[in-house]
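These notes are about the structure you will find just below.
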Amino acid sequence: MIYDVIIVGSGPAGLAAAIYAKRAELNMVVIEKAALSGGQIINTYEVDNYPGTPGISGFDLSIKFREHADKLSTEFVTGEVVKFDIDGAIKVITLDNGTEYKTKAVVIASGGVPRHLGVEGEEKYSGMGVSYCATCDGAFFKNKSVAVVGGGDVAVEDAIFLARICKQVYVVHRRDQFRSSKSLSNRLLSFENVTVLWDSVVEKINGDDTVSAISVKNLKTEEQASYEVSGVFIAVGYIPNSEVYKNAVATDSAGYIIAGENCMTNVPGVFAAGDVRTKDLRQIITAASDGANAITAVEKYLNDL
Ligand code: NAP
């Protein structure tokens with residue numbers, strides 16, 4: 001069987017693409033790495049900027065997206081793409097279980113993974129106090145002191161989530177202002193139990209069996225200090241899941257697949273949507289909009305074949 005389009009990834013971009021593809025009556029399948037749709041938003045405590053659903057949790061929003069795709073009888077397959085042959089008009093995608101899928105077009109909506117800090121103690125205490133998901137692990141640190149590293153939307157959202165349950169939250173950010181939206185950062189700064197360590201970096205994560213402290217350096221004053229914390233939540237961005245596609249389609253120096261608003265890559269029939277592609281704003285709404293744009297471009301591509 002040769003599909004019209006295969007969508008790789010089931011985050012907001014992949015699910016929006018699936019909804020558009022089903023509505024366009026394309027013969028398609030969605031390949032998802034885990035049998036849980038939603039991508040990164042599964043771990044987002046609260047999404048307050050997606051129109052029509054103020055205050056919804058990322059998990060609940062992802063369920064709504066998935067239910068919408070299910071309502072249209074979307075076919076989902078679980079597996080990891082390990083091979084991507086796109087030379088010919090018929091592209092072949094191979095999964096880790098050896099299954100091959102043939103398709104005329106592909107939408108890569110594979111998202112990204114959390115970036116690591118690369119400091120001493122990070123790997124050692126991973127899962128023993130070091131976490132990349134506040135909403136997954138935050139409850140373990142109820143009434144304790146924790147640190148959040150980063151200054152983007154995720155770091156600030158995580159810190160707000162933690163401020164509600166932890167005794168003290170230190171936010172360690174390398175610059176003197178947040179990258180996150182103003183409304184989020186204002187909300188964070190309104191918590192009395194939040195201390196922002198501006199212009200600062202974590203140099204080392206210390207502990208015995210579990211995390212007990214972080215060594216922090218102020219980049220402007222060079223001052224070093226230690227903060228007693230039981231948990232360190234690292235939220236310093238994502239690395240695009242583009243490794244398997246890198247040799248096949250053009251990427252930028254950070255690994256993002258180069259594609260514009262129509263999601264077209266440099267390879268005919270291959271489209272990139274959501275966080276995995278080069279773009280200015282990585283948000284749920286822009287990922288979802290990519291899904292729509294990608295399928296519109298896929299339809300044009302298929303019509304011209
Ligand atoms: P981000 O916006 O790229 O922010 C990453 C943060 O980590 C930045 O503050 C950055 O510092 C810092 N950082 C990066 N590398 C670092 C390092 N090695 N050491 C110390 N700090 C480091 O990433 P994000 O917060 O994960 O968000 C990812 C995307 O998802 C963003 O586009 C965001 O807007 C979006 N998002 C949207 C929503 C929503 O729509 N509600 C929710 C969550 C996330 P600098 O500021 O100095 O660069």
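Please read these numbers as outputs of a predicted model, since none were measured by experiment. In this chain, numbering begins with 1 at the start of the sequence shown. Both counts, for ligands and for their atoms, begin at 1 and track the order of listing.
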- Query: Could you give all pairs that pass the ring-ring contact (aromatic ring centres under 6.0 Å, His included) test and reach residues 191-210, with sequence neighbours left out?
  - Reply: Phe178-Trp198
- Not counting sequence neighbours, list each pair that qualifies as a ring-ring contact (aromatic ring centres under 6.0 Å, His included) and has a residue in residues 134-161. Tyr45-Phe161, Phe141-Phe233
Are there over 12 heavy-atom neighbours, none belonging to [X], within less than 6.0 Å of that residue's [atom1]?
X	atom1	value
Arg175	CZ	yes
Glu203	CD	yes
Asn97	CG	yes

Can you confirm, on distance only, whether ligand 1 has an N/O atom lying under 3.5 Å from any N/O atom belonging to [X]?
X	value
Asp153	yes
Ala155	no
Asp275	no
Leu117	no

Starting from [atom], which protein heavy atom do you reach first, and at what distance in Å?
atom	result
atom 39 (C) of ligand 1	Asn49 ND2, 3.5 Å
atom 9 (O) of ligand 1	Gly151 N, 3.0 Å
atom 28 (C) of ligand 1	Tyr238 CD1, 4.0 Å
atom 23 (O) of ligand 1	Gly237 CA, 3.5 Å
atom 35 (C) of ligand 1	Arg282 O, 2.5 Å
atom 44 (C) of ligand 1	Val154 CG2, 3.5 Å
atom 2 (O) of ligand 1	Arg179 CD, 3.4 Å
atom 4 (O) of ligand 1	Gly152 CA, 3.6 Å

- Item | Region of Leu281 that comes within reach of ligand 1 [heavy atoms, distance under 4.0 Å] | neither
- Pick one of side chain, backbone, both or neither for how Phe178 approaches ligand 1, counting any non-hydrogen atom pair under 4.0 Å. neither
- Using 30° and 60° as the class limits, which term best fits the ring planes of Tyr170 and Tyr227: parallel, tilted or perpendicular? tilted
- Common cluster, Val8/Met1, ILVMFWY with side-chain heavy-atom separation under 4.5 Å: yes
- Item | Single-linkage hydrophobic cluster, 4.5 Å side-chain cutoff, Tyr245 and Val77 together | yes
Options [options], ranked by nearest heavy atom to [atom], top entry:
atom	options	result
atom 12 (C) of ligand 1	Ile284, Val236, Asp280	Val236
atom 11 (O) of ligand 1	Glu157, Arg174, Lys279	Arg174
atom 46 (O) of ligand 1	His116, Arg175, Gln283	Arg175

- Note on the structure: Quick note on ligand 1: atoms under 4.0 Å from a heavy atom of His173 include exactly 9 (O), 11 (O), 45 (P), 46 (O), 47 (O)
- Query: Of all the atoms in ligand 1, which lie at a distance below 4.0 Å from a heavy atom belonging to Ala235?
  - Reply: 7 (O)
- Query: Below 4.5 Å, heavy atoms only, C-beta onward: do Val5 and Val107 meet side chain to side chain?
  - Reply: yes
- Task: Salt-bridge test for Arg179 and Asp153: reply yes if a basic N is under 4.0 Å from a carboxylate O, no otherwise.
- Result: no
- Item | Ser37 side chain to Arg66 backbone, donor-acceptor under 3.5 Å | no
- Query: Ring centres of Tyr132 and Tyr238 under 6.0 Å apart?
  - Reply: no
